[in-house]
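Report on the structure given below.
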Amino acid sequence: QVQLVESGGGLVQAGGSLRLSCVVSGRTFSTYITGWFRQAPGKEREFVATINWSGGNTDYGDSVKGRFTISRDIVKNAVYLQMNSLKPEDTAVYYCAATTLGRLGVRSEEYGFWGQGTQVTVSS
């Protein structure tokens, strides 16, 4: 079993920055792909970013490219999402997810393990 715990959400003004963290535990991580998704009220869950745990390959959703950066720390078993130039439309619950898919995945159904989510609110 894999457990994921997110932290780092909060309230920030438009143009500001936040850094989300996700600690992964329970099993070895070397084969896991991890990703970030978000869900705003009344909207479907949206792909944000994903990273290959060992290789550092990444992919991003179009709405966050150039503003968000995903990274990982193998020693700490953690994945991070650095969010810059935040906009009110970035307001959502952000979820960390993991999969043994073997390739970068951009669809939520490709991920079998999820954290509880952390709220990010961007005020205008």
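Quick note: numbers below take in every heavy atom, side chains included, and nothing from hydrogens, waters or symmetry partners. Since the model is a prediction, treat every value here as computed from it, not as a measurement.
Distance CZ/R67 to OG/S85: 7.0 Å, rounded to 0.5 Å. Between L20 atom CG and S7 atom OG the span is 8.0 Å, to the nearest 0.5 Å. Rounding to the nearest 0.5 Å places OG1 of T99 at 7.5 Å from CD1 of I33.
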Practice item. Carefully, step by step, assess I51 and N57 under the rule side chain to side chain contact (heavy atoms under 4.5 Å, CB included). Key: CA-CA 6 Å; I51 187 167; N57 295 323; over 6 Å; no
Exercise for review: Dump the intermediate steps for side-chain hydrogen bond (donor to acceptor under 3.5 Å, both in side chains) on N84 and S17, then the final yes or no.
Suggested key: CA-CA 4 Å; N84 298 329; S17 299; 2.9 Å; yes
Check your understanding: Does the side chain to side chain contact (heavy atoms under 4.5 Å, CB included) test come out yes or no for C96 and W114, once each step is laid out?
Key -> CA-CA 6 Å; C96 180; W114 292 85; over 6 Å; no
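Residues satisfying the side chain to side chain donor-acceptor pair (under 3.5 Å) criterion with T34, sequence neighbours excluded, are absent altogether. Residues that satisfy the side-chain contact (heavy atoms from CB on, under 4.5 Å) test with R103, not counting sequence neighbours, are L101, E110. Residues satisfying the ring-ring contact (aromatic ring centres under 6.0 Å, His included) criterion with F47, sequence neighbours excluded, are F37. Listed by chain and residue number, E6 satisfy the side chain to side chain donor-acceptor pair (under 3.5 Å) test with Q116 (two or more places apart in sequence, or in another chain). Annotation: side-chain contact (heavy atoms from CB on, under 4.5 Å) contacts of V122 (sequence neighbours excluded): V12, A14, L86, P88, D90, T91, V120. For the side-chain contact (heavy atoms from CB on, under 4.5 Å) test, residues two or more places apart in sequence or in another chain that qualify with T69 are Y60, Q82.
No continuous path of hydrophobic side-chain contacts links M83 to L11 [ILVMFWY only; heavy atoms under 4.5 Å]. Linking Ile, Leu, Val, Met, Phe, Trp and Tyr residues whenever their side-chain heavy atoms come within less than 4.5 Å leaves L4 and V23 in two separate clusters.
Looking at every heavy atom in both residues, D59 comes nearest to V106 through OD2-CG1, 3.6 Å. Nearest heavy atoms, G105 versus Y111: O-OH, 2.7 Å.
You'll find the side chain of V2 reaches within 4.5 Å of the side chain of Y32, heavy atoms only.
Note on residues 63-102: no pairs pass ring pair (Phe, Tyr, Trp, His ring centres under 6.0 Å), not counting sequence neighbours. Among residues at least two apart or in separate chains, side-chain hydrogen bond (donor to acceptor under 3.5 Å, both in side chains) pairs with a member in residues 39-48 are R38-E46, Q39-R45, E46-S63.
Side chain of T118 to backbone of G9: a donor-acceptor contact under 3.5 angstrom is found.
Shown here is Q13, whose CD atom has no more than 12 heavy atoms of other residues, nucleotides or ligands within 6.0 Å.
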